[in-house]
Novice: 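Dumping the structure here so I can ask a few things about it.
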Number of protein chains: 2
Amino acid sequence: MTDGATAKGEQTRELILSTALRLFREQGYGKTTMRAIANEAGVSVGNAYYYYGSKDHLMQAYYDLLQDQHREAVEPVLAAEKSFVPRLTGVLHAWLEVSAPYHEFAGTFFKTAADPRSPLSPFSEESRPARDASVAVFRRVVDGSDLKLPADLRSELPELLWLLQMGIVLFWVHDRSENVRRTRTLIDRAVPLADRLLRLTRIPGVRGVVNDIVGLIRSVKA
Amino acid sequence: MTDGATAKGEQTRELILSTALRLFREQGYGKTTMRAIANEAGVSVGNAYYYYGSKDHLMQAYYDLLQDQHREAVEPVLAAEKSFVPRLTGVLHAWLEVSAPYHEFAGTFFKTAADPRSPLSPFSEESRPARDASVAVFRRVVDGSDLKLPADLRSELPELLWLLQMGIVLFWVHDRSENVRRTRTLIDRAVPLADRLLRLTRIPGVRGVVNDIVGLIRSVKA
DNA sequence: GTCTATAGCACGATAGAC
DNA sequence: GTCTATCGTGCTATAGAC
């Protein structure tokens, strides 16, 4: 019976979430009211708040959903490609694809995520599991590739690539071009550049500066 | 009579603004309500909205004030220093100093600024004058220094430095160390590194990649 | 444990009278 | 140019049904 009750609750939880996401998508975050979500889902406002402590919590759930979808979408890319550039390009494009339906209201999401006090901040302690999972994807990008790099840079690279993705997301939320063409172009051009930049570390003079940069990042993370 | 009325209106406008800024400083943006501002200023809420279309508009005014203060604080640095590293370091530290009183609730500000639809976004069209003014400061940093660079990179550098500052601000709002020690360390270590990185462009193999990066940034800005 | 119904607070923002 | 009155919002609280 506990299972039945839990299953029912889980059903309601999902109903509320999917309704909220649909309304967010259709009319944006700001214009979607908790009253409207509850009404559209056929539940009471109190019930919506029973499952999601605030409107932001619904956003948090959306964030988690996105990441799950990204991890799935990335599998065929990592299975098929063995070179660094197509692997990274594919992973970044996969993110664009799963996020596409929410591009219009992603700005609002970004707004909440940028608050350092918010648990939704990608740098927050609460986001650590999600962040680690995301970094793990980039570690797979690096480890499964043909990239030849000094060990310390190689171990730091997944987090640097995560930062790169944060930058691309920042660009993406501001991108108003049709089908986010400009963001796609950015990825297609930036990834080969990053690749060339990494290969430059073979030059001794460059190597020293890169080592210092890695050292700075390490010390700053602590 | 028209002058009298206008003068009175201007007085009210300034009264509302200064009250709002004081309350923002004292208790943060989120906890300062329009009712409290109006009440403290001795006017009605409707009157506050007559002069400032929204709470964000009051924030915009606060933002402008900060930037004016930074431009002033930067003068002695640019007058005294002639080398790139101390010039840039001084300008960045000056920003930390004028911003220090607002560090505690800067997160709230950041939250609003990160919304791409908000006029407060540093990338928005409405922020262009403020952004241009800020880039101009970095142009003075570059132009008044001993830095030797290829012309195209040199002309692009002020905007790159502005981006660097955005990154430092991002770090700063998340910095919980006493007296933002970690942000200060970041500046002191990152600036000499940036200097060394820039000087690497003399190496031919590096030069090509840097040219491509500059080209990418140019194409992406358009 | 799950859910409804409803009343109510404080907020940002607006309308219309003066 | 200023006020009062009011709206719709996010969110909380409570009392109770099943």
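Chain letters run A, B, ... following the sequence lines, proteins first and then strands; every chain starts at 1. For the numbers below, each heavy atom of this structure counts, side chains included, while hydrogens, waters and symmetry mates do not. As the structure is a computational prediction, the values presented were derived from the model and not from experiment.
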Novice: Give a yes or no on whether a salt bridge exists between A/Glu75 and A/Arg140, defined as a side-chain N under 4.0 angstrom from a carboxylate O.
Specialist: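 The answer is yes: the pair qualifies as a salt bridge.
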Novice: Whole angstroms only, please: what is the NZ-P distance between A/Lys31 and D/dG10?
Specialist: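 In whole Å, D/dG10 P lies 13 Å from A/Lys31 NZ.
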Novice: Which pairs pass ring-ring contact (aromatic ring centres under 6.0 Å, His included) with one or both residues in residues 9-44 of chain B, sequence neighbours excluded?
Specialist: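 Found B/Phe24-B/Tyr29.
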Novice: Which residues satisfy the ring-ring contact (aromatic ring centres under 6.0 Å, His included) test with A/Phe84, sequence neighbours excluded?
Specialist: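 Result, ring-ring contact (aromatic ring centres under 6.0 Å, His included) vs A/Phe84: none returned.
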Novice: Regarding A/Ser54 and A/Asp56, is there a side-chain donor-to-acceptor distance under 3.5 Å anywhere?
Specialist: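 Per modelled atom types, A/Ser54 and A/Asp56 side chains form no pair under 3.5 Å.
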Novice: Run the side chain to side chain donor-acceptor pair (under 3.5 Å) test against B/Asp143 and tell me which residues pass, sequence neighbours left out.
Specialist: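 So B/Asp143 forms no side chain to side chain donor-acceptor pair (under 3.5 Å) with any residue.
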Novice: Regarding B/Ser134 and B/Arg139, do their side chains bring together a donor and an acceptor under 3.5 Å, going by distance alone?
Specialist: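 Result is no, nothing qualifies.
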Novice: Taking OP1 and OP2 of C/dT4, is either one under 4.0 Å from a side-chain nitrogen or oxygen of A/Asn47?
Specialist: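 It does, given that an N or O in the side chain of A/Asn47 lies less than 4.0 Å from OP1 or OP2 of C/dT4.
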Novice: Just N and O in the side chain of B/Tyr49: are any of them under 4.0 Å from OP1 or OP2 of C/dA13?
Specialist: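 Checking B/Tyr49 against C/dA13: at least one side-chain N or O falls below 4.0 Å of OP1 or OP2.
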Novice: Within less than 4.0 Å of OP1 or OP2 of D/dT2, is there a side-chain N or O belonging to B/Thr12?
Specialist: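 So the side chain of B/Thr12 is within the cut-off, an N or O lying under 4.0 Å from OP1 or OP2 of D/dT2.
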Novice: Counting only heavy atoms and a strict 4.0 angstrom limit, can you tell me which residues of residues 54-61 of chain B come near DNA chain C?
Specialist: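 B/Ser54, B/Lys55 - these, ordered by number, are the residues of the stretch whose heavy atoms sit under 4.0 Å from the strand.
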Novice: Not counting sequence neighbours, which residues clear side chain to side chain donor-acceptor pair (under 3.5 Å) with A/Asp68? List them please.
Specialist: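 Side chain to side chain donor-acceptor pair (under 3.5 Å) check on A/Asp68 returns A/Arg71.
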Novice: Please produce a list of atom pairs where a protein N or O lies less than 3.5 Å from an N or O of nucleotides 6-9 of chain C.
Specialist:
none

Novice: Quick one: ring-ring contact (aromatic ring centres under 6.0 Å, His included) pairs with a partner in residues 157-178 of chain A, sequence neighbours left out?
Specialist: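 As it turns out, the ring-ring contact (aromatic ring centres under 6.0 Å, His included) pairs with a partner in residues 157-178 of chain A, which skip direct neighbours, are A/Trp95-A/Trp172, A/His103-A/Trp172, A/Phe123-A/Trp162, A/His174-B/Phe123.
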Novice: Return the set of residues passing side chain to side chain donor-acceptor pair (under 3.5 Å) with A/Arg13 (not counting sequence neighbours), or none when no residue passes.
Specialist: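 If we apply the side chain to side chain donor-acceptor pair (under 3.5 Å) test to A/Arg13, skipping adjacent residues, there are no hits.
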Novice: State which residues pass side chain to side chain donor-acceptor pair (under 3.5 Å) with A/Tyr102; sequence neighbours excluded, sorted by chain then number.
Specialist: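 Partners of A/Tyr102 by the side chain to side chain donor-acceptor pair (under 3.5 Å) criterion, ordered by chain and then number, come out as A/Arg25.
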Novice: Roughly what angle, to 10°, lies between the helix axis at the start of the helix from C/dG1-D/dC18 to C/dC18-D/dG1 and the one at its end, five pairs per end?
Specialist: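 Taking the rotation axis at each end, their angle is 10°.
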Novice: Taking only residues two or more places apart in sequence or in another chain, which ones pass salt bridge (Lys or Arg N to Asp or Glu O under 4.0 Å) with A/Glu14?
Specialist: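 With sequence neighbours excluded, A/Glu14 shows a salt bridge (Lys or Arg N to Asp or Glu O under 4.0 Å) to no residue whatsoever.
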Novice: For a quick check of understanding: with a heavy-atom distance under 4.0 Å over all strands, which category does A/Gly42 fall into, base, sugar-phosphate or nothing?
Specialist: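 Sugar-phosphate: the residue A/Gly42, judged by heavy atoms under 4.0 Å, touches backbone atoms but no base.
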Novice: Atom pairs under 3.5 Å, N or O on each side, protein against nucleotides 16-18 of chain D: can you list them with distances?
Specialist:
none

